Amino acid sequence: MALRAALRKSCALTGLFCQLSSSRHGRVCASPVLVAQQRNSSTAQNIKLDFDQSTGVAVMHMQCPPVNALSLEFLTEICITVEKLEMDKSCRGLIITSSQPKVFSAGLDLLEMYETSTEHRGEFWRAVQEMWLKLYSSKLVTIAAINGSSPAGGCLMAMTCDYRIMADNPRYGIGLNETQLGMVAPFW
Ligand SMILES: CCCCCCCCCCC/C=C/C(=O)SCCNC(=O)CCNC(=O)[C@H](O)C(C)(C)COP(=O)(O)OP(=O)(O)OC[C@H]1O[C@@H](n2cnc3c(N)ncnc32)[C@H](O)[C@@H]1OP(=O)(O)O
């Protein structure tokens, strides 16, 4: 916890006013089942997707309590959601935001790396890579609406979007701080 407190302190603070486009709650996409099954994961429960077909804009609300930590399962859900939207010709843009209070994403799920097997960690890091490559190379216009803290993997996620808008709140931190945890991201 002391480490986390230090992290919170050292995160760079960004002050841009967040004007999150309100979605019109159009069609809601189906749960991503296929790849989840391939990865032996459950169906999407941690994402609420609002897709307004009249504008072609989808809003992905991350709702993986308590802090949208990017677990293998959650990373898989994110990837499948983006894949599904890309396959929908009427979708042009994607806004990624958080339903959790005060946190956009706490980054990679630390529990995925603690006392897990080498094999599991391999699968986990492949999913991390897949997530950011998918967002970075997406043909959709992607926007991170950062409505809370976004350290390390959360920052990575935001960086891979085309645009970032962050809520103007001095309590919200963002930055690549994972080296403070003694963590060096593996080569891709
Ligand atoms: C495009 C170019 C590409 C270039 C490539 C760049 C390379 C990038 C490499 C990226 C590598 C990334 C590594 C990581 O992400 S490691 C994880 C780093 N994250 C953290 O250290 C965040 C730690 N958490 C916090 O600072 C705070 O929790 C936070 C500010 C997010 C929220 O604070 P708040 O006070 O609201 O909440 P709590 O601290 O009380 O936490 C609530 C519960 O959530 C648990 N928690 C928090 N963070 C995590 C996490 N990351 N994983 C798992 N669990 C987490 C926390 O333990 C609390 O749980 P309990 O209630 O059970 O105690």
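Remember, it's a predicted structure, so these values are computed and weren't measured experimentally.
Atom OG of residue Ser99 and atom CD of residue Gln63 lie 4.5 Å apart, to the nearest 0.5 angstrom. Distance CZ/Arg126 to CG/Leu75: 13.0 Å, rounded to 0.5 Å. The CD1 atom of Ile96 sits 4.5 Å away from atom CE of Met157, with the distance rounded to the nearest 0.5 Å. Here the CG atom belonging to Leu49 is positioned 6.0 Å from the OG1 atom belonging to Thr81, to the nearest 0.5 angstrom. For the atom pair CE of Met60 and CG of Asp50, the computed distance is 12.0 Å after rounding to the nearest 0.5 Å. Distance CZ/Phe51 to CG/Asp88: 4.5 Å, rounded to 0.5 Å.
Residue pairs meeting the salt bridge (charged side-chain N to carboxylate O under 4.0 Å, His left out) criterion with at least one member in residues 132-152, sequence neighbours excluded, are Glu83-Lys134.
When side chains are defined from C-beta on, Gln100 counts as touching Pro65, because their heavy atoms get closer than 4.5 Å. For the pair Leu110/Met183, a side-chain contact is recorded, criterion being any heavy-atom separation below 4.5 Å from C-beta on.
Contacts of Glu86 classified as side chain to side chain donor-acceptor pair (under 3.5 Å), with partners at least two apart in sequence or in another chain: Ser138. Qualifying side-chain contact (heavy atoms from CB on, under 4.5 Å) partners for Met159, counting only residues two or more places apart in sequence or in other chains: Cys155, Leu156, Leu176. Among residues two or more places apart in sequence or in another chain, the side-chain contact (heavy atoms from CB on, under 4.5 Å) test is passed with Ala152 by Asn177, Glu178. The side chain to side chain donor-acceptor pair (under 3.5 Å) search around Ser98 returns Asn68, not counting sequence neighbours. Scanning for side chain to side chain donor-acceptor pair (under 3.5 Å) contacts around Thr160 gives an empty result, with sequence neighbours left out. With sequence neighbours excluded, the residues satisfying side-chain contact (heavy atoms from CB on, under 4.5 Å) with Ser117 are Glu119, His120.
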Check: Could you walk me through whether Leu70 and Val128 pass the side chain to side chain contact (heavy atoms under 4.5 Å, CB included) check?
Finding: CA-CA 8 Å; Leu70 299 166; Val128 174; over 6 Å; no
Notebook entry, point to check: Where do Glu73 and Asn46 land on the side chain to side chain contact (heavy atoms under 4.5 Å, CB included) test, with the steps shown first?
Noted result: CA-CA 9 Å; Glu73 180 182 333; Asn46 301 308; 4.0 Å; yes
Next item on the list: Just do the side chain to side chain contact (heavy atoms under 4.5 Å, CB included) check on Tyr163 and Ile95 with the steps written out, would you?
Entry: CA-CA 9 Å; Tyr163 299 95; Ile95 298 170; over 6 Å; no
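Of the possible donor and acceptor atoms, one in the side chain of Ser149 sits under 3.5 Å from a partner among the backbone N and O of Gly173. Thr97 contributes a side-chain N or O that, together with a main-chain N or O of Ala145, makes up a donor-acceptor pair within less than 3.5 Å. Counting only distance, with no hydrogens or angles, the side chain of Glu112 and the backbone of Phe124 share no donor-acceptor pair below 3.5 Å. The backbone N or O of Asp162 sits less than 3.5 Å from a side-chain atom of Thr142, completing a donor-acceptor pair. Checking side-chain atoms of Arg164 against main-chain N and O of Ala158 turns up a donor-acceptor pair under 3.5 Å.
Between Gly154 and Phe104, the shortest heavy-atom distance links the atoms O-CE2, 3.9 Å. Between Pro151 and Ser105, the closest heavy-atom pair is CD-O, 3.2 Å. Among all heavy-atom pairs drawn from Leu72 and Ala127, the shortest one is CD1-CB, 3.5 Å.
Taking Ile, Leu, Val, Met, Phe, Trp and Tyr as hydrophobic and joining them when side-chain heavy atoms fall under 4.5 Å apart, one finds Val67 in a cluster with Val103.
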